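Within every chain, numbering begins at 1; the chains are lettered A, B, ... in the order of the sequence lines, protein sequences first and strands thereafter. Every value quoted in this text rests on a predicted model; they were computed, and no experiment measured them.
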Amino acid sequence: MKGYLYDSDRCMACTSCTVVCPVAAATREFLGPKMVGPALSRFRRPALAPDLAADLCSNCKNCDISCPSGVPISTLNMLSKAEYYRHHRHRLRDWVLSHGQLMGNLATPFVPLSNLAIANPISRTMLGAFGFAGRMPLPAYVRKTFRKQFRALRQQSFPQKVVFFPGCYIDFYDPGVGLDFVAVMQANEYEVVVPRGLGCCGTPMVANGFPGAAERAVRRNVRALQEWTDAGVPVVACCTSCSLTLKQEQQELFDVPGAAELAARVYDATEFLLELRDRGKLKTDLKQLSGRYLYHAPCHLRDQGIGRPGFEMLGSLPGLEISDADAGCCGLSGSYGFKGDRYEVAQAVGDALFKKVRASGADAVISECGTCRHQITVATGAKTLHPISVMRRAFE
Amino acid sequence: MDSVTVVVIGGGATGTGILRDLSMRGVKTLLIERGDLASDASGRFHGLLHSGARYAVTDPRSAKECIEENAILRRIGKHCVEKTEGFFVRLEGDGEDYEGQWVAGCAAARIHAKRVDLKEARRLEPHLSRRAVSVFRVPDSAIDGFRLCWQNVASARRYGGEVRTYTEATGIERAGDRVVGVTVCDTLTGAVDSIGCDHVVNAAGSWVGRVASWAGIEVDVKPDRGVLIAFNHRFTNRVINRLRPPANGDIFVPHGPITVLGTTSSPVASADDNVPHVEEVLELLHNGTELFEDLPKYRILRAYAGARPLYSPGEGRAASRDFTILDHSTDGLRGLTSAAGGKLTSYRLMAEKTADVVCRELGVKAACRTAAEPMVEDPPRRLVTRARPFFPPYGLDLAASRLGAAFGPVVQGLQMHPEERRLICECEMVTLAEVESAAREPTTFNLGDIRRRTRMGMGTCQGAFCSLRAVGALVSHDLVADKDGKALIRDFLETRWKGIRPVLWGDQIREAEFQREVYAATLNLDGTAQR
Ligand code: SF4
Ligand code: SF4
């Protein structure tokens, strides 16, 4: 058993976490991280029936960021949710939202039919009946997954290797980001490896109360990456939730052998590039760019405690004008904002960001997280980009 | 001057038990207590309702008495007893012979002690030491001393019994060889008074000797000090006892969200000496770590000390934890009875025996009924269902059992005024409505009284948030007329400090510093910052 007992013991009830929790600010129905996490954990042991107080928690992890005591509050929340679902049935919707990889594998061969099936008004009504938010379109599947396109790619071979962890979002919805990463690395004399057997990082399963499936995902990824981590090759993700899970969340939740060794090699893509730049390992004759961008830092990037490397990198590219929105959580939190009964909360949470985006007049909004970008585009109509896509233009 | 038939001195378990017993027999009785109820030994112990197994080898008579009373209290005290059951755990290196004697002792006392498979024991109590070699389950339970006393009073009140807290007895009035009253002093205002009566019951616990001395009678009760530690979490769901000859620091008792570890035993000159020392805490931790290896990692909330009253009649016999009822007519004074010694588990029996003596002298024929009738009624099911949405998870059952008869009106308030559902104390989940309800009681004078009724301030933050909130609520609802809000907070935090100071390390020192920042640095409660 992990040290959850002492973890929640460290809470000194300072309430910082509740002050920063975007969900608690959006709805009084949510008791807030202090109560739902460490405070209720004191009562859960004697209780016979698990509670669902954490159900409104979006696992955005702003509470963890603010906690001066290092309490893994969001993880306590996810555990209590999991405990509840050990005794109660899940909603089908939550299963669908948390098994993106499986759904993607099923849907991709039938694109564009499968997208049409999701997006047409009739099935959207039906989806609504299953608990999806009618007003929140699901992202569209691509015809060719990232991995398929990657396999067709002809890379130049270099002695320096880097492993790329695509994750579900890039694989099924946004392969361009992965291809941009490969291009940037190639321009800097790195060869990109995508080992067979990688899948979902597990975080959507955690957030929807499927810890068993999440643990299996972690085990599979650790196994698939083992030979590379053993060889000391860095593992990089462009999705901040994937990199956070690989670095931290899976370790808070599970005891998977090899997971700690893997975690030590994991980088977020922008973090990795910034480090290369600082060590003088990146190409310096960059193309002149132009454009005015607004940057949104995903919560799961901020929780990594590495600053805003993407923002920093872009700020140093010639000709770019970029400012930080600094407007908190976008509200979507992976799968949360797609749920009918969470949609209002998710929109309320993102409101400050949406206002900033609309007022900015920027050419595009830059953010590392795919679901943040989706939320921003749907809510504001703004064009969005991953920082790596902008970097590609400078490096190629 | 008021006049009643019997005055009981001492508002612990024994005194309130006697008040209940006499009231149920139709005797007009008033209890006086110098502080709040259960503010001494009855609120300063491990909160263990013994099954008797702990005495199975050393004191078979107590063992038998305990198991009988245990069964009664689990029946009549449903709202102050948590039926946790208990484990007796023998560790590697603990004598096997003792285990044999203990099993035989339990059988002789008719205590149901059943061996538990080690794997099952670990499943039930995953934090228990890996060095456990035998585990037995017994009907130990957890009992809340504060609630026990108040529920005795609630029951007594239904039969006309009365109680006056913050009223200290200062002398016994006599006419010839008869007691005719007691002189009292209001400890809050200093006003003196006297109360006329036919009989005085001396149930002053460790102070029994002092009270008897006012009548020129010597009763040799010696206080024996016990120190306990309260931990922030419930890391065991059962009472855990070490299966070896009773020693210091080998009992763990879960209470709601916390766990209590006890206890030490050392004679003290005065029972008022109840500040724990660091060395005592360290000794408990050292011993307790054998049963729970991770103990040093668990957060301590506070430490506290209480004094057991040990009665030693004359020379040559060891002081015992048994009780003795002293009818002082044998000393030439009629109308005075002392209840000396005893332990909480058998308080009801002790009260019964005392009331028997008093009734015999008063010529009252009614028999004791305290074992038959529950102290407080269960709240109606419909009310509980209606109340569920007004409480956070787990909060409802806690509130229902601590509120007793006040539960109905509190639920009413929560329904009509949703803002009353806000939590004043988040750590122990006490709503504004409950705090106000406790504050409205005529026996409530300060935040400590509210704390003992509701558990406000007893959790993780030890009053950092609730004291300010509670005083704010009380002042704005005019519930503390003529009282200085600042002084209320200061007194409350000061008593919390007493328990925190001996455990000021680890997470608790961070908590204390946080509290200091809030009250001293931000609110200038200590007045350091001058204009
Ligand atoms: S993870 Fe996000 S939503 Fe959940 S409690 Fe923490 S801050 Fe609130
Ligand atoms: S921020 Fe951390 S220490 Fe403060 S209340 Fe929340 S969990 Fe507790």
For B/His233 and A/Asp9: C-alpha separation, side-chain torsions, deciding distance, then whether side chain to side chain contact (heavy atoms under 4.5 Å, CB included) applies.
CA-CA 7 Å; B/His233 261 115; A/Asp9 247 359; 2.8 Å; yes
What distance separates [X] [atom1] from [Y] [atom2], expressed to the nearest 0.5 Å?
| X | Y | atom1 | atom2 | result |
| --- | --- | --- | --- | --- |
| B/Glu426 | A/Leu40 | CD | CG | 10.5 Å |
| A/Ser8 | B/Arg299 | OG | CZ | 10.0 Å |
| B/Cys461 | A/Lys34 | SG | NZ | 6.5 Å |

Return yes when atom [atom1] of [X] has more than 12 non-hydrogen atoms of other residues, nucleotides or ligands closer than 6.0 Å, and no otherwise.
| X | atom1 | answer |
| --- | --- | --- |
| B/Glu419 | CD | yes |
| A/Arg216 | CZ | no |
| B/Lys498 | NZ | yes |
| B/His286 | NE2 | no |

State, with a plain yes or no, whether a side-chain heavy atom of [X] is found less than 4.5 Å away from one of [Y].
| X | Y | answer |
| --- | --- | --- |
| A/Arg42 | B/Asn232 | yes |
| A/Phe43 | B/Leu398 | yes |
| A/Leu31 | B/Pro393 | yes |

Under 4.5 Å from a heavy atom of chain A, the part of [X] involved:
| X | value |
| --- | --- |
| B/Leu301 | side chain |
| B/Arg422 | side chain |
| B/Pro254 | neither |

Is there a donor in the side chain of A/Asp51 and an acceptor in the side chain of B/Tyr394, or the other way round, less than 3.5 Å apart?
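Result is yes, a qualifying pair exists.
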Based on non-hydrogen pairs under 4.5 Å, which of B/Gln508, B/Met429, B/Arg510 is most in contact with chain A?
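So the answer, after comparing B/Gln508, B/Met429, B/Arg510, is B/Arg510.
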When only pairs under 4.5 Å are counted, which of A/Ala13, A/Cys14, A/Ser69, A/Ala39 shares the most heavy-atom pairs with chain B?
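Counting heavy-atom pairs under 4.5 Å, the top option is A/Cys14.
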